[in-house]
> 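Mind having a look at this structure? Questions to follow.
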2 protein chains.
Amino acid sequence: MSKPATITDVARLAGVSITTVSRILNNKPDVAQATRQRVLDAIQQLNFTPHVQAQRLAAGKSQSIAVLYPSDSLGFTELEFEFFVGASQVATKAGFLFNLIVTPMNEQTLLNLYRSNQVDGVILMEVHLNDRRVAVLRERGYPFVLIGRCTENTGLSTIDLDFETAMLLACEHLYSLGHRHIGFTNLIGARAGYGPAIRSLWGYQRACEQFGIEPIYRELKPTIDELYRATEALLDEQPGMTAMITLHTGPLVGAIRAAQNRGLCVPDQFSIVGILSDQMAQFISPPLTAISFPAQLMGSRAAQMLIRKLQDADYEDKQVLLKPRLVIRDSTAPARTSER
Amino acid sequence: MSKPATITDVARLAGVSITTVSRILNNKPDVAQATRQRVLDAIQQLNFTPHVQAQRLAAGKSQSIAVLYPSDSLGFTELEFEFFVGASQVATKAGFLFNLIVTPMNEQTLLNLYRSNQVDGVILMEVHLNDRRVAVLRERGYPFVLIGRCTENTGLSTIDLDFETAMLLACEHLYSLGHRHIGFTNLIGARAGYGPAIRSLWGYQRACEQFGIEPIYRELKPTIDELYRATEALLDEQPGMTAMITLHTGPLVGAIRAAQNRGLCVPDQFSIVGILSDQMAQFISPPLTAISFPAQLMGSRAAQMLIRKLQDADYEDKQVLLKPRLVIRDSTAPARTSER
DNA sequence: TTGTAGGCGTTATCAA
DNA sequence: TTGATAACGCCTACAA
């Protein structure tokens, strides 16, 4: 583990000044072809790589971004992984380091991230309508991007799935299959202002009005058991219910099981629509009719926006809202008009 | 976005030298109580946070670790997410930055990671029996930890699941249920020396000998379709086969489906055992009897080992091998002695 | 086209 | 118990 070569070593070996080496490293013009070659040779020979800490200190940038994913939030879903991979790929390609921080941060630690120059910018996940983190960062003018969005997003860079439309689509699909009693089990947190939860609820409510159907609504923690019990309860209370939409990714297996345990065959007697990744939708039996959640895309777009923002002084903030897409698989079928 | 305060500002405000402030920041002894308080007040007042780049440059450490997960490797499984979360939590708690790098690296870029001081150490995933990355890093004496292991691990820090024993357990379970024709669909890559694949194969082979049963073996890419087709093919070719073990996490749904499509009820007429996270095992229908894969634990243990190694000069390398645990759920049942 | 010199914000080594 | 001062490795005016 001998000490890595420094720019000084290179300069000495090539018989030039440090400045010249630096110029070449940073692709500045005004270097004689011969000199450049000599320096490049020296670099090669010494296996030299610039010391990033030093570069960053001198340049005043950290060249790294972080994703803040408070892991206590909602338990496992398959989506996170895709977000991370998408963002990490983009970051690496752009020469940025990608930090994943799953420990929840308070206002202080969040600001320190910037002040201490650990990161140039962050991607915030699990965003609420009134997110303190957003308020704090916005006020200080620190660069960041949201996966999700707030109530007031002017001047922010955001990327989100249009959950409201997603719910409309889902309801429409079921309605067109003849379903008139459609339940919706939402993520917990709508009241707390958790974006996806509250917007889905709005969408559901709008759909109910639009189609003239009666809402059947629950909020749950995203565990299989919860969804299992809730589904059973709903089936009991709502004998007329022939279909369900759920925002919970994995646990929605609980819903399927509960239905099946009641002797209800999915989809022949009971239809289910989810919102989840295409991957996961196919892992489930039966393969799920679902709004697909393009998590990897969202992760990479978020990273792109952030990095551009960091590099372009006059980058314009954008609020990207992805149009949801319904993929019909095997968990939905026409409603039996007779009874359930 | 006013410039953050520096140590100089603090020193000036407190009326002491930079050195003194530095001492206090680093909890050195020999500072008068009164001085300390004065400096702390100044720090508070200025909202000062040390500039990490500068600290790291001066100290010669980057205080960050990275996980190298080449994302082209095997496609999605739910396990990665858990690895990352586990490692990230530990890193943050220890004051380290956690970098996730999913872009595959060649020898050069890997070494540059160290030389450029981006990271102090890395956690390698997707390890092969003869892993070039390991050879390269070991030779240079750079600190790293493996999730997985090689053929020769002396002097390395590794953590791995004992796949060989896992396969023995799985076979034993099925054998004790009366199954005598047990198929095994492995991850592709055994021949290429991919650790989990090859060790599982060894375990399976040992189990077959031990129980005197005939191996029924396939290697596949981890997609639902592949596993679906392979299972169908196996069912055709091996009319006596009543059970299957598979190393593929999600796609094993394909196996279940194929069996069911043949009119084989799982588990009554066909048993399946997987190796996957407890989470995922429950997402699947029927809930899967499986060797549980403690990914989050492995991630955090790996990070712990690495960080200790970085901090303790005389840290002893350990090769940790986790004992597998079989959790019996609803995908295995006694073999029908009659026929399938 | 090239080099000199100062600075980035810390830590570490000596003196005082 | 404190404080100069020299690193750390690189970048960047400015000068030559």
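Note that this is a predicted model, so its numbers are computed, not measured. Chain letters run A, B, ... following the sequence lines, proteins first and then strands; every chain starts at 1.
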> A:Arg12 has an atom CZ; how far is it from atom P of D:dG9, in whole Å?
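Rounding to the nearest Å, CZ of A:Arg12 and P of D:dG9 are 12 Å apart.
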
> Closest to the B:Leu57 side chain: D:dG9, D:dT2, D:dC10?
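Looking only at side-chain atoms, B:Leu57 lies closest to D:dG9.
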
> With distance as the sole criterion, is a donor-acceptor pair present between the side chains of B:Thr20 and B:Ser17 under 3.5 Å?
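Result is yes, a qualifying pair exists.
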
> With a 4.0 Å limit, can you tell me whether B:Lys28 has a side-chain N or O closer than that to the phosphate oxygens OP1/OP2 of C:dA12?
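For C:dA12, OP1 or OP2 has a side-chain N or O of B:Lys28 closer than 4.0 Å.
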
> Let's see if you can work this out: which of C:dT11, D:dC11, C:dT10 has an atom nearest to the side-chain heavy atoms of A:Asn26?
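Closest nucleotide among those given: D:dC11.
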
> So which nucleotide from D:dC11, C:dT2, C:dT11 ends up closest to the side chain of A:Thr35?
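Ranking D:dC11, C:dT2, C:dT11 by closest atom to the A:Thr35 side chain puts C:dT2 first.
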
> Mind calculating the distance between CD1 (A:Ile24) and P (D:dC10) to the nearest angstrom?
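Answer to the nearest Å: 14 Å.
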
> Using atom CZ of A:Arg38 as one end and atom P of C:dG3 as the other, report the distance to the nearest whole Å.
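Atom CZ in A:Arg38 sits about 8 Å away from atom P in C:dG3.
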
> Hey, does B:Val52 reach any base, or is it just sugar-phosphate, or nothing, if we go heavy atoms under 4.0 Å?
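Here B:Val52 touches no strand at all.
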
> Considering just the side-chain nitrogens and oxygens of B:Thr20, establish if one lies under 4.0 Å of OP1 or OP2 belonging to D:dG3.
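The answer is yes; a side-chain N or O of B:Thr20 sits under 4.0 Å from OP1 or OP2.
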
> Take atom CD1 of A:Ile7 and atom C1' of D:dT12, then tell me their distance rounded to the nearest Å.
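About 12 Å, once rounded to whole Å.
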
> Nearest to the side chain of A:Leu25 - D:dA4, D:dC11, C:dT11?
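Of D:dA4, D:dC11, C:dT11, D:dC11 is nearest to the side chain of A:Leu25.
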
> To the nearest Å, give me how far apart CD1 (A:Ile18) and P (C:dG6) are.
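It is 14 Å, rounded to the nearest whole Å.
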
> Would you indicate what B:Val16 reaches in the nucleic acid, counting non-hydrogen atoms under 4.0 angstrom: base, sugar-phosphate, or nothing?
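B:Val16: backbone/sugar contact only, no base atoms under 4.0 Å.
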
> Taking the six-membered ring for Trp, are A:Phe98 and A:Phe84 parallel (under 30°), tilted (30 to 60°) or perpendicular (over 60°)?
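Tilted.
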
> Looking at B:Ser22, does any N or O in its side chain come under 4.0 Å of the phosphate oxygens OP1/OP2 on C:dT11?
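Yes, B:Ser22 has a side-chain N/O under 4.0 Å of OP1/OP2 on C:dT11.
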
> I'd like to know if A:Thr19 reaches the base of C:dT4 with its side chain, counting only an N/O donor and acceptor under 3.5 Å.
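Between C:dT4 and A:Thr19, which were checked side chain against base, a qualifying N/O pair under 3.5 Å is present.
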
> Can you tell me how far C1' of D:dT12 sits from CG of A:Asn27, to the nearest Å?
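Value for this atom pair: 16 Å.
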
> Hey, does the side chain of A:Gln53 come within less than 4.0 Å of D:dC10's phosphate (OP1/OP2), counting only N and O?
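Answer no for this pair, as no side-chain N or O of A:Gln53 is under 4.0 Å from OP1 or OP2.
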
> Which of the following nucleotides, C:dT1, C:dG9, D:dT1, is nearest to the side chain of B:Ala32?
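Looking only at side-chain atoms, B:Ala32 lies closest to D:dT1.
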
> Under 3.5 Å, is there a donor-acceptor pair between the B:Thr109 and B:Asn112 side chains?
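Side chains of B:Thr109 and B:Asn112: no pair found under 3.5 Å.
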
> Can you tell me how far P of D:dC8 sits from NE2 of B:His51, to the nearest Å?
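Computing the B:His51:NE2 to D:dC8:P distance gives 19 Å.
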
> Search all heavy atoms of B:Arg133 against all heavy atoms of B:Met125 and return the closest pair with its distance.
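Between these two residues, the closest heavy atoms are NH2-O, 2.8 Å.
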
> Ignoring hydrogens and geometry beyond distance, is the side chain of B:Arg56 in donor-acceptor contact with the base of C:dT10 at under 3.5 Å?
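No.
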
> Check B:Leu161 against B:Met298 and note the closest heavy-atom contact, atom names and distance.
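Residues B:Leu161 and B:Met298, closest heavy atoms: N-CE, 3.8 Å.
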
> Write down the distance between CD1 (B:Ile43) and C1' (C:dG9), rounded to a whole number of angstrom.
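Rounding to the nearest Å, CD1 of B:Ile43 and C1' of C:dG9 are 14 Å apart.
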
> Counting only distance, no hydrogens or angles, is the base of D:dT1 paired donor-acceptor with the side chain of B:Arg23 under 3.5 Å?
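Donor-acceptor pair under 3.5 Å: no.
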
> B:Val31 and B:Ile24: which non-hydrogen atoms are nearest, and at how many Å?
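Closest heavy-atom pair between B:Val31 and B:Ile24: CG1-CG1, 4.0 Å.
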
